[in-house]
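Comments concern the structure below.
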Amino acid sequence: MAIEKIVVVDDELMIRKALETQLRNKRYSVASAGNLKSARKILARDSFDLVFLDLRLPDGEGTDLLEEIMAKADGPMVVMMTGYGSVESAVSCMQMGAFDYVVKPFSFEQIEVVVDKVASFDKMRRVTKYYVEESDTRSSDIIGESEPVKQLKILVAKVAKTEATVLITGKNGTGKELVARELYRNSLLAKQPYIRVNCAAISETLMESEFFGHEKGSFTGATERREGRFELADGGTILLDEISEISSALQAKLLRVLQEKEFERVGGNKTIQVKVRVIATTNRNLLEEVEKGKFREDLYYRLNVFPIAVPPLRERGKDIMLLAKTFLQRHAMKHGLDHVSFSKNCERAITVHSWPGNVRELENAVERSVILADENKQIEPDLLGLAPLTPRGKSNEEDEGANLEIESIEQVEKSHIEKILKKCGGNRTHAAKKLGLNVRTLRNKIKDFEIEN
Ligand SMILES: Nc1ncnc2c1ncn2[C@@H]1O[C@H](COP(=O)(O)OP(=O)(O)OP(=O)(O)O)[C@@H](O)[C@H]1O
Ligand SMILES: [Mg+2]
């Protein structure tokens, strides 16, 4: 299944809800919007494969959004939805690049046919892309030209062509998931499924069923038989995000999948066999977890066949500015701002800041500054939440720079977390949001760093 994520944009609630439910039943991940503004937000937040787009929306024409989507090199495919009266405009949308159109009222069978068509076209597009990739012209989504990032990209390109298990390590927000996706997209399995499991977000009890599925009636709430993510990923790739967070019982079961390539569903006794490429990520030092007895050593070695370390942002030199400017452009467009740029002071402040929350922190800070920015005025450091520059032209942070060498990354991270927690009056949920972490990760860090909270 090459089509995974779909957006439905229609102002009629009934149509939106019906499409959403039916597509979800077919295991697509679906987001929906009732107007252009929220559609733009959704599209900026994540990458999607397909958009069902109504022609007429309360805040403008579907064609405006179509044009924006078509301007992107790697954007989703678009299928227009239209009433009988405006079939002509739908046809002209196809000239603008829409893949197809459906006329309202439509049956779900019609929608299924269109999605299948999109999927096979997408597959063809990917195959063609693969041949192009062979001649090494495909551009990378990983932005950066610094030496560590260059090395990272070379490694990703090499490892992608193998089917080896990969363990991606790196601090929060460094881009581990981005690297995983790039590995998948460059691999020989790029036409096969890519399924992600966030091991930190799902509760421990549901995790086993999430991994391996369950039989009907195997526990309260299991009203239907359900396939797990490993089954869905059969023949393709599975991303086990934040692998350090799984319980020891599940670690044992995962080891069996990696070794024997088989498992049983929860409450089932049929052994299911799968062939899946595994990519795992972690922001913890797994070897330390092994030493502490929290992570199985045998599983660690099974996962760590090909380690890829993603460097922290502060080690990427000029990339910091390159990323900041890219995010500035991206978010300015999203929020409809034309003339926005960083002041010289701001550029310096961005360069000297240590970015403990890495690329995600930078992106969040830039987006916040765009929202707060005045039209036609340059962005100053305070809008990014950065230390202002002192009269000598140094930032407060730079003054502290004298101690930087003796301060370890962990110390910097610890004091940053303490600062944010204090700002949020000790509220972990708020602090986690600000830091770009999930609450569970923050809780672990508070424990590890022995922060009083
Ligand atoms: N080199 C890069 N170029 C462009 N965007 C990047 C880069 N690195 C990270 N990003 C962006 O930064 C954000 C965070 O990246 P990602 O989610 O991959 O990080 P992560 O390491 O998985 O974080 P976490 O540990 O918190 O899960 C994403 O929006 C991602 O697209
Ligand atoms: Mg991640």
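As the structure lists them, so they are numbered: ligands from 1, and atoms in each ligand from 1. In what follows, every heavy atom counts, from backbone to side chain, and hydrogens, waters and symmetry copies are set aside.
Shortest contact from atom 26 (O) of ligand 1 to any protein heavy atom: Arg360 NH1, 2.6 Å. Nearest non-hydrogen protein atom to atom 10 (N) of ligand 1 is Val359 CG1, 3.4 Å. The closest protein non-hydrogen atom to atom 13 (C) of ligand 1 is Glu363 OE1, 4.1 Å. For atom 25 (O) of ligand 1, the closest heavy atom belonging to the protein is Lys176 NZ, 2.7 Å. Among protein heavy atoms, the minimum distance from atom 23 (O) of ligand 1 is reached at Gly173 N, 2.9 Å. Distance from atom 15 (O) of ligand 1 to its nearest protein heavy atom, with residue and atom name: Gly175 CA, 3.6 Å.
Side-chain contact annotation: Thr441 with Asn444, donor-acceptor N/O pair under 3.5 Å absent. With hydrogens and angles left out, the side-chain atoms of Gln259 and Asp298 include no donor and acceptor closer than 3.5 Å.
Between Leu178 and ligand 1, an N or O atom pair is found at a separation short of 3.5 Å. For ligand 1, the polar-atom distance check finds an N/O of Ile143 within less than 3.5 Å of one of the ligand's N/O atoms. Between Asp241 and ligand 1, a contact under 3.5 Å exists for no N or O pair.
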For Ser244 and Glu289, what are the C-alpha separation, side-chain angles and deciding distance, and is it a side chain to side chain donor-acceptor pair (under 3.5 Å)?
-> CA-CA 8 Å; Ser244 61; Glu289 298 298 297; 5.8 Å; no

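At a 4.0 Å heavy-atom cut-off, ligand 1 touches Leu323 through the side chain alone.
Taking the six-membered ring where tryptophan is involved, the planes of Phe230 and Phe263 are tilted, since the angle between them lies from 30° to 60°.
Under the 4.0 Å criterion applied to side-chain N and carboxylate O atoms, Arg330 and Glu367 are not assigned as salt-bridge partners. Electrostatic pairing of Arg360 and Glu363 does not count as a salt bridge here, judged by no charged N lying under 4.0 Å from a carboxylate O. Ion pairing between Asp141 and Arg181 fails under the 4.0 Å rule for side-chain N and carboxylate O. Under the 4.0 Å criterion applied to side-chain N and carboxylate O atoms, Glu210 and Arg226 are assigned as salt-bridge partners. Glu262 and Arg256 are joined by a salt bridge, as a carboxylate oxygen and a charged side-chain nitrogen come within less than 4.0 angstrom of each other.
Distance screen at 4.0 Å: atom 4 (C) of ligand 1 has a protein heavy-atom neighbour inside the cut-off.
For ligand 1, the atoms lying closer than 4.0 Å to a non-hydrogen atom of Asp141 are 3 (N), 4 (C). For ligand 1, the atoms sitting less than 4.0 Å from at least one non-hydrogen atom of Glu177 are 17 (O), 18 (O), 22 (O), numbered in the order shown with element in parentheses. Using a 4.0 Å cut-off to heavy atoms of Glu242, the atoms of ligand 1 that qualify are 27 (O).
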